[in-house]
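Only one structure is covered here, and it is reproduced in the block below.
Sequence lines set the chain letters: A, B, ... in the order given, protein chains first and strands last, and positions in each chain run from 1. All values reported here derive from a predicted model rather than from experimental measurement.
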Amino acid sequence: MILTLSVCSPFSLSAVVRSHGWVRLAPFGTDARSGGLTRVERLDSGRVVELLVREAASGVSVEVQDRLTAAEQEQVIAKMTWMLGLKQDFSAFYALARDDPKLAHVEERAQGRVLRCPTLFEDTIKTILTTNTSWAGTIRMVEALVSEFGDPSPADPARHAFPTPDRLASTDEETLRSSVRLGYRAPYVLELARAVALDELDLESLKSANIPTAELRKRLLAIKGVGEYAMANLLMLLGRYDFIPVDSWALKMVSHEWHGGQPVDRSEVEAAFEHWGMWKGLAYWFWDWSYTGEA
DNA sequence: GGTAGACCTGGACGC
DNA sequence: GCGTCCAGGTCTACC
């Protein structure tokens, strides 16, 4: 069956998919034939479905092989609306970006949305697994976590949904270290899964929490394994752009963009985008960096 | 509040 | 094939 979802214009599915690396992390994927976004998802009913998302004339279409109940359809629509930011409006950002040659492209390309997971739990785990490792390491750790603990897809048992907090909470640190090879991140993932599974931490409520960004920042930093970089990355995914996820790449880019290749620190990255105010994070994310790292 | 050192893994490199 | 070095953020202890 096919579900059709409306979007807030301008919208580009490929812009969302290419907004960062999440599409390369299981259980996301791309369909070689159609070029669409794929996702293996476990619904509240317990059913595991494969979703194929494509751009449609009036928005996006979501193809599911199974016949879903009304409740399941509603859930797929809600998840997809969040993941693709279908209702997000960037007109205020575009109005400012028009005047800057380094960002003048964003409106035309419909950039601004960042692909996110259906749950903040999954986004947080994945963000922790991006820290202090290479991108190849992140892909490997997420793949191992998903294939080890995620429910398999009936259509293709080689593919799995992202594990639930309960399932991860039921494992132990040694398994996460030796089998999934999370290294020192294992206790962070386990502690987070257990806190969510035991309802000690309601991460999902933060998606709609009407609280100042400073308070949200404090709550995210209270999660073990989430530091300044991870916190800013999660805030971006939550639609708050007041902070910049400063990692080694950001330091390199800002160094070459404004400081002639001289080493810079976090404060200089933040200073470079300070005048973008509440859009700071987005301005940094979609900036047209001239430095490519080539000699 | 700022800083040093430890935490793990995988890739690059030299032997 | 083996050993060493390095890159990548966060935490903890200490000042």
Between P on C:dG8 and CG on A:Leu251, what's the gap in Å once rounded to a whole number? 9 Å

Spacing of A:Asn233 atom CG relative to C:dG8 atom P, expressed in whole Å: 16 Å

Whole Å only: how far is the CH2 atom of A:Trp135 from the C1' atom of B:dT9? 16 Å

Have a look at A:Ser248 and say if it touches a base, only the backbone sugar-phosphate, or nothing, with a 4.0 Å heavy-atom cut-off. sugar-phosphate

Rounded to whole Å, how long is the line connecting atom CZ of A:Arg185 with atom C1' of B:dA6? 13 Å

Quick check, are the ring centers of A:Phe273 and A:Trp258 under 6.0 angstrom apart? yes

Can the positive tip of A:Arg167 be found less than 6.0 Å from the middle of the six-membered ring of A:Phe149, inside 45° of the ring normal? no

What is the distance, to the nearest angstrom, from the CD atom on A:Glu143 to the P atom on B:dG10? 14 Å

Encode nucleotides 10-15 of chain C as B, S and - characters from 5' to 3', where the letter depends on protein heavy atoms closer than 4.0 Å: B to the base, S only to sugar-phosphate, - to neither. SSS---

Hey, where does DNA chain C pair up into stems, meaning at least three consecutive Watson-Crick or G-U pairs with distances under 3.5 Å? B:1-15 with C:1-15

May I have the distance from A:Leu182 (atom CG) to B:dG10 (atom P), rounded to whole angstrom? 11 Å

Can you classify the ring geometry of A:Tyr184 versus A:Tyr188 as parallel (below 30°), tilted (30 to 60°) or perpendicular (above 60°)? perpendicular

